Every structure is written in C-alpha cells, then in structure tokens.
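Input: a single structure, listed below in structure tokens.
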Amino acid sequence: MSHAVKIKSIEHLTHDVLRIVAEKPSGLTYLPGQAVDVSINQPGWENELRPFTFTSLPEDPHIEFTIKTYPMHEGVTNQLLSLRVGNEIIIGAVFGDINYKGEGIFIAGGAGITPFIAIFKQLEKKGEIGNNKLIFANKSRADIILEARFKSLLGNRFINVLSDEKPEGYEHGFVTAELIKKQVDQKTQYFYLCGPEPMMAAVVKQLSSLGIEGNRIIKEAF
Ligand SMILES: Cc1cc2nc3c(=O)[nH]c(=O)nc-3n(C[C@H](O)[C@H](O)[C@H](O)COP(=O)(O)OP(=O)(O)OC[C@H]3O[C@@H](n4cnc5c(N)ncnc54)[C@H](O)[C@@H]3O)c2cc1C
C-alpha cells in the first residue's frame, strides 16, 4: 500500500545532498537502517520508484530522508531538487537488510551513510554508542554528510577517508585492509557496509583478507 505525504521541509545538507522531512503515513513502521520505495506525486513521476533510507527514527512524528542528487541522470533525484514545502511524495513498501546487531565498525561510502545515520541516532538516544566506529569514504571534505555531528558523537572513532583531497587530519585514498585492521579491537563484533557496489566489493575482499567471516558482515549496496 502506498501513501502520498506532504513535504514539511526541504534543505541542502551539502552541495548535492538534500534533507527532506515529510509527514509520516499513519501506521508506518520500519527499523533504523531500512529503506522504502519513494516516488514524486507529480504527473509522469508517480511510478518512478527509487529506494531511499529513513534517516528519522520510527517513533519520530515525521519521516526524514537524506538524498544525494544526480542532476546529470535527469531522474528522480534531479526532480527532487525542484520540490518545495507542500509538494507531495509517495511512500511505498519498506525493505532493507541493514539493522543493528551489536558493536562494530561501520564503513560507508558517500550516500551509503544513510542507514548508519538512523542507527547512530537510535544508539545515541539509547545511550548505547559504546565502542562503535565509523569509517566514512568520500571524494572531498565538501561531500561529507553530517561531519560535525558524527565528530561530536564519535570523536576519534570517526575516521574520514578522502580520495581526491589531502587535508590534514583526514586519511587519503580509498578504504584499505590496513586502515580497517587498525580499528579492529576486542569489542569489534560486526562490520556494517553500505556504499556503491565497487566500493562494497573491494571492502568485502579486504575483510576476507583479514579473516573476517561473512556472518559478521552486514551490508547493502546503493
Ligand atoms: C536500499 C537502498 C537504499 C538507498 N537509500 C538511499 C538514501 O537514503 N539516500 C541516497 O542518496 N541514495 C540512496 N540510495 C541510492 C538511490 O536509490 C539512487 O541514488 C537513486 O535511485 C538515483 O535515482 P535517480 O532517478 O536520480 O537516478 P537514476 O536515473 O535512477 O540513475 C540510477 C543509475 O542510472 C545510471 N545513470 C543514469 N544517468 C547517468 C549519468 N548521466 N551518468 C552516470 N550514470 C548514470 C547509473 O547507473 C545510476 O546508478 C539507496 C539505494 C538502495 C538500493
């Protein structure tokens, strides 16, 4: 069943990422980390479904999405850029494989951070941030979603990796087995991965080279 809901606010979080807050469909339930099929309630766009992850918590009175836009695709995320407060989006089926199982290392690439935004919000609320760590890969500083928020939440357990810039205090290049290994300690139970398919494939290989078994890896490709 799908629901058309009104946008309550829409703003830029980074140069190409939107934060969209909308009315919550009545009866909607989801787990932090889960996604939903979304379309735009405008002529010609109603059936263009794209998956986006809730970055709100299930108990919040609204729903929130954090969406990287690709104007070049001339698809849904480009059309979202033209939406305003009061326009409607259509919320469809909820799904998704990422949910929190226990302490570990979260590894995200770009918009792959979204399930982890919801999970970290929930952990913060419950006072259970514990020893969880976040490795976040982006091209440049300007691409880092919610950098200040994660920094204050995780301190030096928040590791940024930038491929196209070398500012001081940031790792440079791609996520490597060595970088992951440095973060692993006795409390690391799980590895949570989310990002573009090529990055995910590379990280899964690295984890396997570190002897990490598949049942400790929780992942979803964007
Ligand atoms: C479970 C799940 C949850 C997700 N959650 C989020 C989220 O919370 N936030 C978020 O930002 N993203 C999320 N994504 C990714 C998001 O769904 C896509 O970015 C979105 O569907 C793109 O829609 P679009 O219509 O703008 O682009 P589309 O037109 O659908 O483009 C998608 C694909 O088309 C191809 N393509 C089309 N045009 C071009 C071009 N000019 N150059 C290169 N490639 C092109 C590419 O292969 C690209 O991957 C999620 C994905 C999944 C699977």
Side-chain angles (χ1 to χ4, degrees), residues 2 5 7-22 24-25 28-58 60 62-83 87-100 106-122 134 136-140 142-147 149-150 163-164 192-204 217-222:
S2 60
V5 292
I7 293 177
K8 295 169 71 162
S9 75
I10 181 163
E11 60 183 359
H12 272 268
L13 266 188
T14 74
H15 63 102
D16 61 1
V17 173
L18 290 174
R19 174 177 180 265
I20 297 178
V21 174
K24 182 178 178 176
L28 177 82
T29 54
Y30 58 95
L31 296 172
Q34 281 195 309
V36 63
D37 280 325
V38 177
S39 66
I40 297 171
N41 199 11
Q42 286 181 341
W45 290 99
E46 306 96 324
N47 297 317
E48 292 291 331
L49 308 181
R50 298 291 188 277
F52 297 108
T53 309
F54 295 105
T55 52
S56 45
L57 291 179
D60 287 345
H62 57 263
I63 53 172
E64 180 197 85
F65 298 102
T66 303
I67 298 181
K68 182 164 174 171
T69 58
Y70 301 94
M72 296 258 293
H73 296 190
E74 296 177 0
V76 171
T77 63
N78 181 51
Q79 189 66 13
L80 288 173
L81 285 165
S82 67
L83 298 190
N87 288 149
E88 288 182 353
I89 52 176
I90 301 169
I91 303 299
V94 172
F95 63 98
D97 292 332
I98 292 194
N99 59 68
Y100 187 68
F106 291 74
I107 305 174
I113 192 70
T114 54
F116 306 157
I117 294 176
I119 288 171
F120 275 105
K121 269 188 186 174
Q122 191 192 43
L134 172 62
F136 194 8
N138 284 285
K139 289 197 176 87
S140 67
D143 297 322
I144 306 173
I145 298 169
L146 299 178
E147 180 177 12
R149 179 108 157 75
F150 281 118
S163 59
D164 294 5
Y192 300 87
L193 316 183
C194 189
E197 186 59 50
M199 176 207 161
M200 301 270 296
V203 174
V204 167
I217 303 175
I218 295 134
K219 60 181 165 64
E220 190 145 77
F222 271 26

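In listed order, ligands and their atoms are each counted from 1. Here the structure is a predicted model, which means the values were calculated and not measured.
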Heavy-atom contact under 4.0 Å between Phe95 and ligand 1? yes
Walk me through it: do Glu48 and Arg50 pass the test salt bridge (Lys or Arg N to Asp or Glu O under 4.0 Å)? CA-CA 7 Å; Glu48 292 291 331; Arg50 298 291 188 277; 3.2 Å; yes
Heteroatom distance test (Glu220, ligand 1): nitrogen or oxygen, under 3.5 angstrom: no
Check whether any N or O atom of Gly75, backbone or side chain, sits under 3.5 Å from an N or O atom of ligand 1, and answer yes or no. no
Pairwise side-chain contact, Ile40 with Glu88, heavy-atom cut-off 4.5 Å (strictly under): no
Please verify the inter-ring angle class for Phe65 with Phe52; under 30° counts as parallel, over 60° as perpendicular, anything in between as tilted. perpendicular
Between ligand 1 and Phe65, can you find any atom pair, the residue atom being a heavy atom, that is separated by under 4.0 Å? no
Looking at ligand 1, does Gly110 have a heavy atom less than 4.0 Å from it? no
For Pro115 and Phe222 the tightest heavy-atom approach is CD-CZ, 3.8 Å
Could you tell me the separation between the CD atom of Gln34 and the CD1 atom of Ile119, rounded to the nearest 0.5 Å? 10.0 Å
Would you say Tyr70 and ligand 1 have an N/O pair spaced under 3.5 Å apart? no
Given Glu197, Gln34, Gln79, His73, which one has a non-hydrogen atom that is nearest to atom 42 (N) of ligand 1? His73
Under 4.0 Å to a heavy atom of Met72 - the qualifying atoms of ligand 1, by number: 41 (N)
Are any of the N/O atoms on Asn78, whether in the backbone or the side chain, positioned under 3.5 angstrom from an N/O atom of ligand 1? no
Is Lys8 salt-bridged to Glu64, cutoff N-O under 4.0 Å? no
For residues Phe106 and Phe120, establish whether the separation of their ring centroids is below 6.0 Å. yes
For side chain to side chain contact (heavy atoms under 4.5 Å, CB included), just list the numbers for Ile218 and Leu193, CA-CA rounded to whole Å, side-chain angles, deciding distance to a tenth of an Å, and then say yes or no. CA-CA 6 Å; Ile218 295 134; Leu193 316 183; over 6 Å; no
N or O contact, Pro51 vs ligand 1, cut-off under 3.5 Å: yes
Numbered atoms and elements of ligand 1 in range of Lys68, under 4.0 angstrom, heavy atoms: 10 (C), 11 (O)
Would you mind listing which atoms of ligand 1 come within a distance below 4.0 Å of any non-hydrogen atom of Ala111? 10 (C), 11 (O)
Protein non-hydrogen atom below 4.0 angstrom of atom 53 (C) of ligand 1 present: yes
If you scan protein heavy atoms around atom 23 (O) of ligand 1, the nearest is Arg50 NE, 3.4 Å
For Ala221, the ligand 1 atoms whose distance to one of its heavy atoms is below 4.0 Å: 53 (C)
Ignoring hydrogens, tell whether any protein atom lies closer than 4.0 Å to atom 29 (O) of ligand 1; use the non-hydrogen atoms only. yes
